[in-house]
Amino acid sequence: MPAPARQRCHAVLTGLVTLATAAVVSLAAPAPAFAADTWIEAGSDRADPLTESQGLTSVEVPANSPNRYTGIGTIPLGVSSRGWSHVGDPDASYNGYYIEPYQQDSGNSKMFRVQAPGGAWSEYVHTLSPGEALNNSWDAISPDGQWMLSGEWGTMNRLLVFPTPGVNPGTSPSANLPQASQVNLDHAVRDVQGCDFSGPTTLLCSSDDPDGSLFGMTKPLLRIDLSAAPGSADVSGHVTALRQLPLRSSCSGTFETEGIDYDRRTGILRVIVISPGFCVLTDSKTYKFSRG
């Protein structure tokens, strides 16, 4: 879910990131700090490039709800016609509120589209704070439901914290959605495409980092341990690279890691990885992981 200038809608991709290049970068970069949190591949499903290429989330309420996905093909015409042309990685609260993040190609705001447990939709617009990037790649709702995290494209040392639209009583569709605080990271992250809470103060995040210099690998799975639960006051976050996400395809070129989901009911972690070139249509995957 890149910034507007990089939006590709997953057309044929070209690039030079190969396994050989990744190996060279690995040798030149500092050794990554691994944690005792191992995630092992446990299968995969094909990711449809139109409807499953941006993000995903598991939904607990109503019971037995299917997983939900986002892609260019899931944006309603009435939303895209108003300029909200890119949807990111969504999340759902444990009590059934589903939230999609949207961005425009230009302007000074971003939008979060909320579906209440009863099915009704509403929109909450956030006017950018000074220095805030325009892109709106993902959202992650805190386990208590009251706070929502979001991130910015590029190399960043923070995550943004908002009151959860539609859930936190301090929000209204008729008022600006304010930034409440931020998570100050102890290590820079690059091109984060999605995060999800795996515990009250733990995030798992997918990074589309093509460079590899931050953690000694490209496309890392990250864990961020917060100093406290997010809220109206800033908290700190300790960043750890856990592993490189799978980069396998019949085509060579630039992969793109996308959204992430952790299902607390099953303990399964899922991450979308979009294949390069023509293979975006044939072997893009949603990879499943279990804790080792």
Side-chain angles (χ1 to χ4, degrees), residues 1 9-10 39-76 79 86-102 112-121 136-143 145 148-151 164-167 192-199 202-208 221-223 245-246 248 255-275 280-291:
M1 286 152 257
C9 297
H10 305 300
W39 290 91
I40 300 170
E41 281 189 52
S44 64
D45 298 310
R46 177 180 175 270
D48 181 84
L50 290 179
T51 60
E52 300 176 344
S53 59
Q54 294 295 300
L56 73 170
T57 190
S58 49
V59 179
E60 296 189 20
V61 177
N64 302 314
S65 295
N67 296 325
R68 299 185 72 162
Y69 295 83
T70 55
I72 189 172
T74 69
I75 303 175
V79 174
H86 184 273
V87 62
D89 184 36
D91 199 14
S93 66
Y94 297 159
N95 64 342
Y97 284 82
Y98 169 74
I99 302 178
E100 296 178 339
Y102 283 84
F112 297 91
R113 188 166 177 258
V114 181
Q115 186 176 35
W121 287 93
N136 196 15
S137 297
W138 56 272
D139 63 67
I141 303 170
S142 63
M148 179 184 72
L149 273 60
S150 182
T164 305
V167 182
V192 172
Q193 297 278 52
C195 289
D196 202 3
F197 279 90
S198 62
T202 304
L203 291 163
L204 294 169
C205 302
S206 54
S207 166
D208 192 44
L221 171 66
L222 304 175
R223 190 181 76 192
L245 293 166
R248 295 193 298 270
F255 292 81
E256 185 171 3
T257 59
E258 291 288 357
I260 191 169
D261 173 67
Y262 175 75
D263 190 334
R264 63 173 182 164
R265 299 165 298 179
T266 62
I268 294 297
L269 177 71
R270 298 180 300 143
V271 183
I272 298 171
V273 180
I274 300 300
S275 294
V280 66
L281 301 173
T282 59
D283 61 17
S284 297
K285 300 287 187 185
T286 297
Y287 288 96
K288 301 176 185 179
F289 303 87
S290 60
R291 189 176 262 116

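For clarity, every value in this text was computed on a predicted model and none was experimentally measured.
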Taking side chain as C-beta onward, heavy atoms only, is [X] less than 4.5 Å from [Y]?
| X | Y | value |
| --- | --- | --- |
| F255 | I274 | no |
| L203 | S198 | no |
| D91 | Y98 | no |
| T257 | I272 | no |
| E41 | K288 | no |
| W39 | L221 | yes |

Cation over ring, R264 on Y94, under 6.0 Å and within 45°? yes
If I take atom [atom1] from residue [X] and atom [atom2] from residue [Y], how far apart are they, to the nearest 0.5 angstrom?
| X | Y | atom1 | atom2 | answer |
| --- | --- | --- | --- | --- |
| F289 | L269 | CZ | CG | 6.5 Å |
| F197 | L204 | CZ | CG | 10.5 Å |
| T282 | R46 | OG1 | CZ | 7.5 Å |
| N67 | I268 | CG | CD1 | 11.0 Å |
| D208 | E256 | CG | CD | 5.0 Å |
| Q115 | Y97 | CD | OH | 11.0 Å |

Under 3.5 Å side-chain donor-acceptor pair for D261 and S58: yes
Please determine, by modelled atom types, if Q54 and Q193 share a side-chain donor-acceptor pair under 3.5 angstrom. no
Going by the rule side chain to side chain donor-acceptor pair (under 3.5 Å), which residues pair with T70 if we only count those two or more places apart in sequence or in a different chain? none
Non-neighbouring partners of S150 that pass side chain to side chain donor-acceptor pair (under 3.5 Å), sequence neighbours left out: N136
For [X] and [Y], indicate whether the former's side chain and the latter's backbone hold a donor-acceptor pair under 3.5 Å.
| X | Y | answer |
| --- | --- | --- |
| T51 | D48 | no |
| D89 | L56 | yes |
| D196 | Y262 | yes |
| S284 | P49 | no |
| S275 | D283 | yes |

I need the minimum non-hydrogen distance between [X] and [Y], along with the two atoms involved.
| X | Y | value |
| --- | --- | --- |
| I141 | A92 | CD1-C, 3.8 Å |
| Y102 | R113 | CE1-CB, 3.7 Å |
| S44 | Y287 | CB-CD2, 3.8 Å |
| T202 | R223 | CG2-CG, 3.7 Å |
| G71 | S53 | CA-OG, 3.9 Å |
| L222 | S207 | CD1-CB, 4.1 Å |

Under 4.0 Å between a side-chain nitrogen and a carboxylate oxygen: does that hold for D263 and R270? no
Under-4.0 Å salt bridge between E52 and K285: no
From CA spacing to verdict: side chain to side chain contact (heavy atoms under 4.5 Å, CB included), T164, I99: CA-CA 9 Å; T164 305; I99 302 178; 3.7 Å; yes
Side chain to side chain contact (heavy atoms under 4.5 Å, CB included) between V192 and W138: does it pass, once the steps are laid out? CA-CA 8 Å; V192 172; W138 56 272; 3.6 Å; yes
Please identify each residue that fulfils ring pair (Phe, Tyr, Trp, His ring centres under 6.0 Å) with F112, with sequence neighbours left out. F162
